[in-house]
Amino acid sequence: MRIVLVGPPGAGKGTQAAYLAKNLSIPHISTGDLFRANISQGTDLGKQAKAYMDAGDLVPDEVTIGMAEDRLDQADAVEGFLLDGFPRNVNQARALDGYLERNAIRLDGVLDLEVPESEVVRRIAGRRTCRNNSAHTFHVESRKPKTDGVCDECGGELYQRSDDSEQTVRNRIEVYHRETEPIIEFYKQQGLVVTISALGPVHEVTQRAMDALRRDQA
Ligand code: AMP
């Protein structure tokens with residue numbers, strides 16, 4: 001299966017993507033994770049991306065599209081993939097369409113995670129992320145780790161992402177409305193969008209997503 005995951009920051013895209021990719025046996029490809037890996041390795045690409053990410057802005061398409069296509073070209077993505085955080089604007093969606101066409105493949109669905117705005121700010125401002133694995137996330141109120149600052153899943157150190165501060169979050173939400181939401185309409189015209197609510201316990205949202213994707217394929 002070839003799936004794109006869309007949703008505002010804090011919708012739980014990373015968490016859901018990890019579970020869905022595992023259930024569907026496809027790689028989870030997150031452009032945010034790719035950028036963060038480049039930043040921690042000190043690459044040129046990471047240096048180019050950092051200031052944009054810290055401000056909550058989109059990294060320019062010239063950098064992002066090439067990076068995403070290089071990742072899609074890797075062997076593990078030949079049979080399918082779950083894209084998390086790409087495309088993030090209509091230009092990127094068009095570039096992805098071009099890539100798919102050149103490779104004679106198609107998307108099977110675009111899963112749109114819906115969550116009210118008030119919940120988005122609450123989720124992100126209290127979010128703590130594991131340094132080892134960004135899909136391991138906790139919340140200072142609603143999902144406390146057993147030991148403060150330590151990931152329950154792997155023992156990694158929990159930290160607050162530098163772009164999870166309240167001010168940056170507000171900008172990321174604005175950027176989402178302005179740049180990313182239009183891709184939902186773009187994909188609706190291709191009949192690809194499946195919308196589900198991202199509220200409730202993590203495993204329930206995963207189940208909802210799996211059911212919706214299955215119904216869509218039936
Ligand atoms: P995420 O981990 O998906 O929340 O992404 C974190 C940040 O990485 C975003 O706020 C952007 O600055 C940058 N980023 C991730 N994916 C993209 C993309 N497809 N286009 C531009 N910037 C991106």
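With sequence neighbours excluded, no residue forms a salt bridge (charged side-chain N to carboxylate O under 4.0 Å, His left out) with Asp108. Looking at residues two or more places apart in sequence or on another chain, you find no salt bridge (charged side-chain N to carboxylate O under 4.0 Å, His left out) involving Glu114. Residues that satisfy the salt bridge (charged side-chain N to carboxylate O under 4.0 Å, His left out) test with Arg143, not counting sequence neighbours, are Glu153. In this structure Lys50 satisfies the salt bridge (charged side-chain N to carboxylate O under 4.0 Å, His left out) test together with Asp54, sequence neighbours excluded. With sequence neighbours left out, the side chain to side chain donor-acceptor pair (under 3.5 Å) criterion links Glu179 to no other residue. Among residues two or more places apart in sequence or in another chain, the side chain to side chain contact (heavy atoms under 4.5 Å, CB included) test is passed with Pro182 by Val90. Taking the side chain to side chain contact (heavy atoms under 4.5 Å, CB included) definition, one finds that Ser197 meets it with Leu199, Arg208, sequence neighbours left out. Take Arg122 and apply the side chain to side chain contact (heavy atoms under 4.5 Å, CB included) test, not counting sequence neighbours, and it matches Glu119, His139, Glu141, Ser142. Residues satisfying the side chain to side chain contact (heavy atoms under 4.5 Å, CB included) test with Thr168, not counting sequence neighbours, are Asp163, Ser165, Arg172.
Counting heavy atoms from C-beta outward, Leu72 and Tyr99 have side chains that approach closer than 4.5 Å. Two residues are said to be in side-chain contact when any heavy atoms from C-beta on lie closer than 4.5 Å; Tyr159 and Arg161 meet this criterion. Using a 4.5 Å cut-off on side-chain heavy atoms (C-beta onward), Arg2 and Ile105 make contact. Within the 4.5 Å cutoff, the side chain of Pro9 has heavy atoms near those of the Ile173 side chain. At least one side-chain heavy atom of Thr64 sits less than 4.5 Å from a side-chain heavy atom of Phe35.
From Leu107, atom CG reaches atom CD1 of Ile3 across 9.5 Å, with rounding to the nearest 0.5 Å. With rounding to the nearest 0.5 Å, the separation of CG in Leu20 from CG in Leu5 is 7.0 Å. Residue Lys13 holds its NZ atom at 10.0 Å from OG1 of Thr15, rounded to the nearest 0.5 Å. Here the CZ-CG distance, from Phe138 to Leu158, works out to 5.5 Å after rounding to the nearest 0.5 Å. Summarising the geometry, atom NZ belonging to Lys144 is positioned 12.0 Å from atom CZ belonging to Arg128; distances are rounded to the nearest 0.5 Å. How far CG of Leu45 is from CG of Asp70: 9.5 Å, rounded to the nearest 0.5 Å.
There is a path of hydrophobic side-chain contacts, each under 4.5 Å, that joins Ile29 to Ile183. Hydrophobic clustering, with ILVMFWY side chains joined whenever heavy atoms are under 4.5 angstrom apart, keeps Val175 apart from Val4. There is a path of hydrophobic side-chain contacts, each under 4.5 Å, that joins Met67 to Ile39. By the criterion of side-chain heavy atoms lying less than 4.5 angstrom apart, applied directly or through intervening Ile, Leu, Val, Met, Phe, Trp or Tyr residues, Leu24 is grouped together with Leu113 in one hydrophobic cluster. Neither Leu111 nor Leu100 shares a network with the other; the hydrophobic side chains, linked directly or stepwise wherever heavy atoms of I, L, V, M, F, W or Y lie under 4.5 Å apart, form separate groups for each.
Under a 4.0 Å N-O distance rule, the pair Arg170/Glu166 qualifies as a salt bridge. The pair Arg102-Glu69 meets the salt-bridge criterion, with a side-chain N (NZ, NE, NH1 or NH2) lying under 4.0 Å from an Asp/Glu carboxylate O.
Pairing each heavy atom of Ala93 with each of Pro87, the nearest pair is N-CB, 3.4 Å. Across all their heavy atoms, Val205 and Gly200 have their closest contact at CG2-O, 3.8 Å. Counting all heavy atoms, side chain and backbone alike, Asn38 lies closest to Leu34 at ND2-O, 2.9 Å. When all heavy atoms are compared, the tightest approach of Val150 to Pro145 is O-CB, 3.3 Å.
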Cut-off 3.5 Å, no hydrogens considered: what does the side-chain donor-acceptor table look like for residues 185-194, sequence neighbours left out?
| residue | atom | partner | partner atom | Å |
| --- | --- | --- | --- | --- |
| Gln190 | NE2 | Asp97 | OD2 | 2.8 |

Which side-chain N or O atoms in residues 75-86 pair as donor and acceptor under 3.5 Å with protein atoms at least two apart or in another chain?
| residue | atom | partner | partner atom | Å |
| --- | --- | --- | --- | --- |
| Asp76 | OD1 | Arg71 | NH1 | 2.9 |
| Asp76 | OD2 | Arg71 | NH2 | 2.8 |
| Asp84 | OD2 | His28 | NE2 | 2.8 |

Discussion item. As a quick check of understanding, evaluate side chain to side chain contact (heavy atoms under 4.5 Å, CB included) for Cys130 and Cys154, giving each step before the final call.
Written reply: CA-CA 9 Å; Cys130 175; Cys154 70; 3.6 Å; yes

Practice prompt. Evaluate side chain to side chain contact (heavy atoms under 4.5 Å, CB included) for Asp57 paired with Asn171, printing each intermediate quantity in order.
Written response: CA-CA 7 Å; Asp57 290 327; Asn171 188 40; 2.9 Å; yes

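Side-chain N or O atoms of Thr180 include one that pairs as donor or acceptor with a backbone N or O of Arg88 at under 3.5 Å. A donor-acceptor contact shorter than 3.5 Å is absent between the side chain of Asp164 and the backbone of Gln160. In terms of modelled atom types and a separation under 3.5 Å, the side chain of Asn89 and the main chain of Asn91 share a donor-acceptor contact.
Dense packing is recorded around CZ of Arg131, with more than 12 heavy atoms of other residues, nucleotides or ligands lying under 6.0 Å away. Asp148 CG: 12 or fewer foreign heavy atoms inside a 6.0 Å radius.
Residues Gln16 and Thr206 have side chains that bring a donor and an acceptor to within less than 3.5 angstrom of each other.
Sorted by first and then second residue, the pairs that involve residues 34-44 and meet salt bridge (Lys or Arg N to Asp or Glu O under 4.0 Å), not counting sequence neighbours, are Asp33-Arg36.
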